[in-house]
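Some notes on the structure that comes next.
Start at 1 with the first residue, then count along the sequence. Note that ligands are numbered from 1 as they come in the structure, with each ligand's atoms numbered from 1 the same way. Hydrogens, waters and symmetry mates play no part in the numbers below; they use all other heavy atoms, side chains included.
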Amino acid sequence: MSNPVRVRFAPSPTGPLHIGGVRTALFNYLFAKKHNGTFVLRIEDTDQNRYVEGAEEYIIESLNWCNIPFDEGPGKAGKFGPYRQSERKHLYKQYADELIAKGKAYYAFDTAEQLDAHRKDHEAQGKTFIYNWHNREKGRLVNSLVLSAEETQAKIDAGEDYVIRFLSPQDETLHLKDIIRGDIKIDTNILDDKVLFKSDGMPTYHLANIVDDHLMEITHVIRGEEWLPSLALHYQLYEAFGWQAPEFAHLPLILKPTGKGKLSKRDGDKLGFPVFPLEYISPEGDVSKGYREDGYFQEAVINFLVFLGWNPGTEQEIFSLEELVNAFDLSKVNKSGARFDPDKIKWFNHHYMQEQKNDDLAMAFQKSHDQLQEIDVNYIALVIGLIKERATFVNDFWDLGHFFFEAPKTYEEKAFKKAIKADTKDIMGTVKSIINGVDNFEVETLQRAVKGWITENEIGFGKVMMPLRLALVGDLKGPDVFDIMFMVGKNETLNRIECLVNSLG
Ligand code: GLU
């Protein structure tokens, strides 16, 4: 029997979680749930210089809002914790030492200035400096491959700064496997000897990531394409330790709306859509838009994100989370970049708007509008039932239905010209008395009375219905006129007609 599926989302808390990160988390979540596995959140905070206060909380809140919570992670104890790498600091050195003992890694004492000089030297000759087989033993670099064991030890004892580098092999071909990309061949001569352990006593991403994936018994690593170049090193590290490597799946890039280049925060700023799940306020006070605050439903965000790189192979576009868990399959994820289409997420939002309960929407609408504080929430819910078909966001409700709450203050100019004819005043006078005569003020009775009168007298429908709508709405828009009359009530309907008639002079 194979091991139970365990996957992890391993963000670094260096700022707000990009929407691409949410996609990675989602694919991990779906894969875990599909295989009755475990979804782990691991915070990769070994780079203290890039640590941003509040970023971890932001990541956790984002996953919770998206309804893709982790099973194990910070604050959710599991037997593989702790789940923050800074709290696992004591663990990593022994693994770096093990690689040195096995001859798979070595100490390097080159200072930042020395390395910089080598880089510049190479550049001057039109070459790129790579720290590897090519030059590491030529004596210009200061490492334990050129120094004797005694010299090396003396430097360490003297407290000189050092890093531990991986000894990447010469003239070998690595055969890597990726679930999405298939077989990948890599010539080791192009690889550099990556730093595994730094002079500040902290492991680099590569070492900590592999050690933790191993100790946390991760079976599948599902992450963004930007990590594909690290795959060769990661494979070699597993081999060097003698551990079984997990399976890997590198998700395609998320591209700009134009389809050219990687989606960035600037694209969002330029075109006015968020690239973060939640609003983010940086420690400097800069505010970045978030899908939640911009009025998107989490279901829409999830349904949209899953299509960035995956498709079910059918025409179905609307998926509940549960349906996604069933349908999701890593082998249906594409290699090629996925274009981010901000209009498509609106389309999903419009769809999920229709699925929300009117009562819930009414509460959200009431909260967001001062004018609604005193209004019965049940009435607001009825209004929403009449207008939500045309709404994408809760924020659209006021525009679509303000006339349910207040009489028109003005009449839209073009609508007025279109609706008002020489005989409108007389017609509206009669319509008013007909409406006044309707005792049972219901949609059907109103309809019967007004429409009956129109037909009997052979007046054009438009001649009556347009000014009536103008009186009620202030424009020629909105849901059914009889619904509006019923909702605002008899007195208010008569007042609004009266107002229009008076304005006609
Ligand atoms: N800490 C890495 C990141 O920030 C994790 C990459 C991986 O999943 O291996 O995305």
Checklist entry - Any N/O of A10 closer than 3.5 Å to an N/O of ligand 1? => result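 Yes - when backbone and side-chain N and O of A10 are compared with those of ligand 1, one distance drops under 3.5 Å.
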Checklist entry - So R119 and D121, salt bridge (charged side-chain N to carboxylate O under 4.0 Å, His left out) or not? Walk me through it. => result CA-CA 5 Å; R119 241 170 255 131; D121 241 28; over 6 Å; no
Next on the checklist: Only heavy atoms of N209, strictly under 4.0 Å: list the atoms of ligand 1 that pass.
Outcome noted: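 With N209 as reference, the close atoms of ligand 1 come out as 7 (C), 9 (O).
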Checklist entry - Atoms of ligand 1 less than 4.0 Å from Y205 heavy atoms? => result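 It comes down to these atoms of ligand 1: 2 (C), 5 (C), 6 (C), 7 (C), 9 (O).
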Checklist entry - So, Y83 versus E72: side-chain donor-acceptor pair below 3.5 Å or not? => result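 Yes, side-chain donor-acceptor contact under 3.5 Å.
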Checklist entry - Does a side chain donor of either D193 or S168 reach within less than 3.5 Å of an acceptor in the other side chain? => result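 Yes - a donor-acceptor pair under 3.5 Å links their side chains.
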Item to check | Mode of T24 contact toward ligand 1 - side chain, backbone, both, neither (heavy atoms, under 4.0 Å) | outcome: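 No part of T24 comes within reach of ligand 1.
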Item to check | Mode of F9 contact toward ligand 1 - side chain, backbone, both, neither (heavy atoms, under 4.0 Å) | outcome: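 Under 4.0 Å from ligand 1, F9 contributes no heavy atoms.
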Item to check | Nearest non-hydrogen protein atom, atom 1 (N) of ligand 1 | outcome: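 Result for atom 1 (N) of ligand 1: E44 OE1, 2.6 Å.
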Next on the checklist: For atom 4 (O) of ligand 1, what's the nearest protein heavy-atom neighbour? Residue, atom name and distance, please.
Outcome noted: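 Answer, as residue, atom name and distance: S12 OG, 3.2 Å.
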Item to check | Aromatic ring proximity, centroids under 6.0 angstrom, H35 and F31 | outcome: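 Judged by ring-centre distance (under 6.0 Å), F31 and H35 do meet the cut-off.
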Checklist entry - Side chains of L251 and R223: closer than 4.5 Å at any heavy-atom pair? => result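 Not in contact.
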Item to check | Note, R292 side chain near Q298 side chain (heavy atom, < 4.5 Å) | outcome: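 Answer no - side chains too far apart.
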Item to check | ligand 1 contact by R8, heavy-atom criterion under 4.0 angstrom | outcome: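 In this structure, R8 qualifies as a contact of ligand 1 - some heavy atom is under 4.0 Å.
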